[in-house]
There are 2 protein chains.
Amino acid sequence: METAFRLVDSEGVEALSMRALAREAGVSSAAPFRHFADKQLLLQAVAEKASTELQRKLDDASDDRQDALTQFRAMTVAYVRFAAEHPKLFQLLQQTPSVSGAFLGELNDERRLKLIALIYEGQNAGLIPDADPELIALSSEALTHGLARMIVDRHPRVRDLSSEDARKLALAATQLLQSGIGLS
Amino acid sequence: METAFRLVDSEGVEALSMRALAREAGVSSAAPFRHFADKQLLLQAVAEKASTELQRKLDDASDDRQDALTQFRAMTVAYVRFAAEHPKLFQLLQQTPSVSGAFLGELNDERRLKLIALIYEGQNAGLIPDADPELIALSSEALTHGLARMIVDRHPRVRDLSSEDARKLALAATQLLQSGIGLS
DNA sequence: ACCGACATGTTAGCGATGCTTACTTACGGG
DNA sequence: CCCGTAAGTAAGCATCGCTAACATGTCGGT
C-alpha cells in the first residue's frame, strides 16, 4: 500500500501495474489481491490517502485566528501548491469519482459555506456586487481549480512551477478575482 | 480511425483497446497497426482531430465584426461548451502532451495576444487596474479552464450540465471576473 | 495483357497485464 | 495444543499491445 502510494506519486497512475507493485514490494504477483480485491480499489485507497493529505494541508491553512478572507486565500494557495508538488496524486484524486465526489462534495461544503457566508457579509457591507453568492463562490473555485489543473496538465505558461512560484501565482490570481479586471 | 474517434467520444479513452476497436470496425486485431504504429499515435491522432474541432468552434465564436471583448466572451463560452458536450474528447485532448502543448501553446497564443492587447487598451482607458496584463490573461484562462475541468471532472455542483446551462455559466463567470467580486 | 509495387488485410504468436483458484505457511487466542 | 485467520505462493485464464510472415487486391508502367 505504501509502495503503491509512493509509486503513483513519483511515476503516475498509468505507470502502476499490480505486478510491478508486487515486484517492488518483494512479494508475488497475487499477493496485493489479498489486500485489495481490485486495482480500482487500490487506486481508490491511494486517492483517499492523497485526499486526506490535501485536506490536512487545507485545514492547516485555515487558521481561525485569521479573518475569513485571509483564510480563504491561504486555502487557495494550499490547494494550488499541492497540485504543483504532487501533480500525479492530484490527477488521481480528480479522476477517482468516489473520492473526488466526496472530497469536492462533502468536505468542501464546509469551505464553500464559509466562503458564501463571507460573501453575504461583504454584500451587506456594500463591498461586493449583488451577484449570486453561489456563482461568486463557484467562480473562485473554478479559478483555483483551473490554476491547479493548468499546472498538472503542464500548460505551457505555468509548467514546472516551483512551489514558491505556485504560491505567488495563486495569491496574485485570487486577489485579481477579488478586485476584478474591470473590463466594462 | 473514425471508429476510434467515435468510441473515445462515447466511451472514453481508457475503454478503448486496439482489439476492441478492430472488432468494432469489423477487421482483424492487427489491422489498425497498418494505420497507426502505436496506440499512442492513434490517440494522438484522435486528440488532434478533437483539437481542430475545438479550434474550429473557437474560430466560429470569434467573429471579427464584434468587438474584442465580445469575442473573448464568446470564445470562453465555446470552450466551456465543448468540454460539456464532449468531456471524453476534452479529457483526451488535455492529457495528450503533444496536442495540448501545441493547442494551448501555439494556437492559443493568438487568442492570448488578442486578449492582452485588449487589456492594454483597457488599462490606457483607465478601465482596468494596472496589474500585470500577463497575469490578467492567465487568470481568465484559468477561470475558463477551471470551469471546463470542473464539468468534465464531474464536480458535484456542475455535473450533467446541459450545453445551454454551460453557456450561461461560462458567461456569468467571465462577466464576474471582469467586474470583480470586490472583496477588499 | 502482364508484372511489380504498394496499401491493406490476415493468422499466429510473444510477453505483460488484471485477476482467479487452489495450495501452503505463520501466528495468536480458545 | 490446535485451529482459524491473515498473508503469501504457484499456476493458469483471458485480454491486451504489438510483431512477424504471409495473403490479396488495386494500381500504373511497359
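Chain A is the first sequence line, chain B the second, and so forth, proteins listed ahead of strands; every chain is numbered from 1.
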Test ring-ring contact (aromatic ring centres under 6.0 Å, His included) applied to B/Phe90 and B/His86, step by step
CA-CA 6 Å; B/Phe90 184 81; B/His86 303 284; over 10 Å; no
If you check every side-chain atom of B/Phe33, which of D/dT19, C/dT10, D/dT9 has the closest atom?
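Out of D/dT19, C/dT10, D/dT9, the nucleotide with an atom closest to B/Phe33's side chain is D/dT19.
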Choose from C/dT11, D/dG17, D/dT9 the nucleotide whose nearest atom is closest to any side-chain atom of B/Ala30.
C/dT11
Given atom [atom1] of [X] and atom [atom2] of [N], what is their separation to the nearest angstrom?
| X | N | atom1 | atom2 | result |
| --- | --- | --- | --- | --- |
| A/Phe36 | D/dG8 | CZ | P | 11 Å |
| B/Met18 | C/dT10 | CE | P | 14 Å |
| A/Arg23 | D/dT9 | CZ | P | 14 Å |
| B/Leu21 | D/dC18 | CG | P | 12 Å |
| A/Leu42 | C/dC19 | CG | C1' | 13 Å |
| B/Leu16 | D/dC18 | CG | P | 11 Å |
| A/Glu24 | C/dT17 | CD | P | 13 Å |

Quick one: is D/dG8 close enough that its OP1 or OP2 comes under 4.0 Å of any side-chain N or O from A/His35?
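Yes.
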For the side chain of [X] and the backbone of [Y], is there at least one donor-acceptor N/O pair under 3.5 Å apart?
| X | Y | value |
| --- | --- | --- |
| B/Gln123 | B/Ala131 | yes |
| B/Lys39 | B/Leu16 | yes |
| B/Ser51 | B/Ala47 | no |

Note: for B/Arg34 and B/Asp38 on DNA chain D, the residue whose nearest nucleotide lies more 5' is B/Asp38
5' priority, DNA chain D, between A/Arg19 and A/Gly26 [closest heavy atom]:
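The residue closer to the strand's 5' end, by nearest nucleotide, is A/Gly26.
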When all nucleic acid strands are considered with a 4.0 Å heavy-atom cut-off, which category describes B/Ser17: base, sugar-phosphate, or nothing?
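B/Ser17: backbone/sugar contact only, no base atoms under 4.0 Å.
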